[in-house]
Amino acid sequence: MLSYRHAFHAGNHADVLKHFVLMQVLAYTNQKDKPYWYIDTHAGAGMYQLNTGYAAQNAEFASGIAPLWYENALNQPLNDFVALIQSFNPDGKLTYYPGSPCIAQNLVRATDKIRLFELHPNDCKILLENFKGKDRTVKIEKQDGFAGIKAILPPPSRRAVVLIDPPYEEKQDYQRVVTCIKESLERFATGTYLIWYPQLQRPEPEHMIQHLHKLNLKSWLHVSLSIEAPAADGFGMFGSGMFVINPPWTLAKVLEESLPQLVELLGKDNQAQFNLDYEIN
């Protein structure tokens, strides 16, 4: 199935959580001089215009990045995150929201490399256009990232940050994530893997997390952000989560300090909350 287009959801609460965590991981990874690879298995289009097209139809950014954009009392990590988004909007207006590929390109160093996979033909075309002539260290492939990642692990540098963010259009995606992580850890046990997932009223997300824990991980972090109570009709996404394997030791503290403010700014009712569990070695 190739009906999913992330542009409909660009800049929403799930993007805020995902990209805030990604920013913290990349910033920490940059602290060591040795080069690394950033690998994105489901890269999307790379950049989204919020005031027109798909993103404007549901305007999910209005209850995602927008409340942070207009807040003057953010803590330092969240303020740095908003500054990153502002760098893509030099006129001071919230017009563009970067996807994970563009966020990564903004944060990695000249010695690092970026590998992007995107199977959707239209999004891959846009992704190629967004990176045209920008950086020789970026390689984009029109391919399923679950399959493509097998050929590039371990990277020559033996350092990598891997974002796994499938659309979960099909129930099988949850098992594909677990299989991908299992096989990737067998090839490259020391990589940092970030897995995003939606909070839904169905068993697959919870089962996926349970199966990830069964891999006997030595170091992990699991964070979720619920913005509202689950809908009475049982449909819709009421939050999202990130499961990080081999996370930076600093990540938990940053999240503990930042998540209460995210709940306050993005929460829609009194059921808004966050959960944070980790075992970092």
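Between atom CG of residue Leu153 and atom CG of residue Leu185 there is a gap of 9.5 Å, rounded to the nearest 0.5 Å. Here the OG-CG distance, from Ser100 to Leu107, works out to 11.5 Å after rounding to the nearest 0.5 Å. In this structure, the separation between NE2 on His19 and CD on Gln24 is 13.0 Å, given to the nearest 0.5 Å. To the nearest 0.5 Å, the span separating CE on Met208 from OH on Tyr168 amounts to 4.0 Å. Taking CZ from Phe81 and CG from Leu262, the interatomic distance works out to 8.5 Å, rounded to the nearest 0.5 Å. Of the inter-residue distances, the one linking Tyr278 atom OH with Ser219 atom OG reads 11.5 Å to the nearest 0.5 angstrom.
At least one side-chain heavy atom of Asn30 sits less than 4.5 Å from a side-chain heavy atom of Asp112. The shortest side-chain heavy-atom distance between Tyr36 and Thr111 does not fall under the 4.5 Å cut-off. You'll find the side chain of Arg159 reaches within 4.5 Å of the side chain of Thr29, heavy atoms only. Counting only heavy atoms from C-beta outward, the side chains of Trp69 and Ile85 approach each other to under 4.5 Å. The shortest side-chain heavy-atom distance between Asp15 and Ile65 does not fall under the 4.5 Å cut-off. Residues Trp220 and His213 form a side-chain contact, since some pair of their non-hydrogen atoms from C-beta on lies under 4.5 Å apart. Side-chain atoms of Leu68 and Leu266, non-hydrogen and from C-beta on, do get closer than 4.5 Å to each other. Ser226 has its side chain within reach of Gln199: a pair of non-hydrogen atoms, C-beta onward, lies under 4.5 Å apart.
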Test side chain to side chain contact (heavy atoms under 4.5 Å, CB included) on Leu200 and Phe235; report intermediate values, then the result. CA-CA 7 Å; Leu200 305 167; Phe235 293 99; over 6 Å; no
Could you go step by step and tell me if His9 and Tyr48 meet the ring pair (Phe, Tyr, Trp, His ring centres under 6.0 Å) rule? CA-CA 10 Å; His9 313 290; Tyr48 305 94; over 10 Å; no
Run the numbers on Leu276 and Leu255 for side chain to side chain contact (heavy atoms under 4.5 Å, CB included), then give the verdict. CA-CA 8 Å; Leu276 178 63; Leu255 291 174; 4.0 Å; yes
Derivation and outcome, side chain to side chain contact (heavy atoms under 4.5 Å, CB included), residues Gln261 and Leu78: CA-CA 9 Å; Gln261 195 163 28; Leu78 287 172; 3.6 Å; yes
Full working for ring pair (Phe, Tyr, Trp, His ring centres under 6.0 Å) between Tyr174 and His211: CA-CA 10 Å; Tyr174 296 94; His211 286 302; over 10 Å; no
Test ring pair (Phe, Tyr, Trp, His ring centres under 6.0 Å) on Phe61 and His13 and set out the steps. CA-CA 7 Å; Phe61 66 89; His13 61 89; over 10 Å; no
Give the C-alpha distance, both sets of side-chain angles, the deciding distance and a yes or no for side chain to side chain contact (heavy atoms under 4.5 Å, CB included) between Asn106 and Ser87. CA-CA 9 Å; Asn106 186 283; Ser87 70; 3.7 Å; yes
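Counting only distance, with no hydrogens or angles, the side chain of Gln201 and the backbone of Ala231 share a donor-acceptor pair below 3.5 Å. Side-chain N or O atoms of Asn89 include one that pairs as donor or acceptor with a backbone N or O of Thr95 at under 3.5 Å. With hydrogens and angles disregarded, no donor-acceptor distance shorter than 3.5 Å links the side chain of Lys142 to the backbone of His120. Distance alone, capped at 3.5 Å, places no donor-acceptor pair between the Gln49 side chain and the Asn51 backbone.
Using a 4.0 Å cut-off between charged side-chain N and carboxylate O, Arg115 and Asp40 make no salt bridge. With respect to the salt-bridge test (charged N to carboxylate O, under 4.0 angstrom), the residues Lys150 and Glu183 qualify. The pair Glu279-Lys218 fails the salt-bridge criterion, with no side-chain N (NZ, NE, NH1 or NH2) lying under 4.0 Å from an Asp/Glu carboxylate O.
Between Phe243 and His222, the two ring planes are tilted [angle within 30° to 60°]. Between Trp249 and Tyr28, the ring-plane angle classifies as perpendicular under the 30° and 60° cut-offs.
Across all their heavy atoms, His42 and Pro167 have their closest contact at CD2-CD, 4.0 Å. Here the closest heavy-atom approach between residue Asn246 and residue Thr192 is recorded as O-OG1, 3.0 Å. Residue Asp269 comes nearest to Gln271 through the heavy atom pair OD1-N, 2.8 Å, listed as atom of the first residue, atom of the second, then distance. Annotation for Ala10 and Leu50: closest pair O-CD2, 3.9 Å, computed over non-hydrogen atoms. Here the shortest heavy-atom pairing between Glu118 and Asp123 reads CG-CB, 4.0 Å. Of all the heavy atoms in Phe188 and Ala160, the pair that sits closest is CE2-CB, 3.6 Å.
Within 6.0 Å of CG in Asp91 there are more than 12 heavy atoms belonging to other residues, nucleotides or ligands. More than 12 heavy atoms of other residues, nucleotides or ligands sit less than 6.0 Å from atom CD of Gln172.
Results of the side-chain contact (heavy atoms from CB on, under 4.5 Å) test with Phe117 over Asp144, Leu127, Ile152 single out Ile152 as the only residue that passes. No option in Ile114, Val25, Val138 other than Ile114 meets the side-chain contact (heavy atoms from CB on, under 4.5 Å) test with Tyr38. Between Leu221 and the choices Leu251, Ile245, Leu194, the side-chain contact (heavy atoms from CB on, under 4.5 Å) rule is met once, by Leu251.
A cation-pi arrangement is present between Lys18 and Trp196, with the terminal nitrogen or guanidinium carbon under 6.0 Å from the aromatic centre and inside a 45° cone about the axis.
A single hydrophobic cluster is seen to contain both Leu163 and Met47, as judged by linkage of ILVMFWY side chains at heavy-atom distances under 4.5 Å, directly or through other members. One hydrophobic cluster, built from ILVMFWY side chains closer than 4.5 Å, cannot hold both Ile126 and Ile140; they sit in different ones. In terms of hydrophobic clustering, with Ile, Leu, Val, Met, Phe, Trp and Tyr side chains grouped at heavy-atom distances under 4.5 Å, Leu225 and Phe238 are assigned to different clusters. Criterion: ILVMFWY side-chain heavy atoms under 4.5 Å apart, direct or through other members. Under it, Ile39 and Leu119 are not part of a common hydrophobic cluster.
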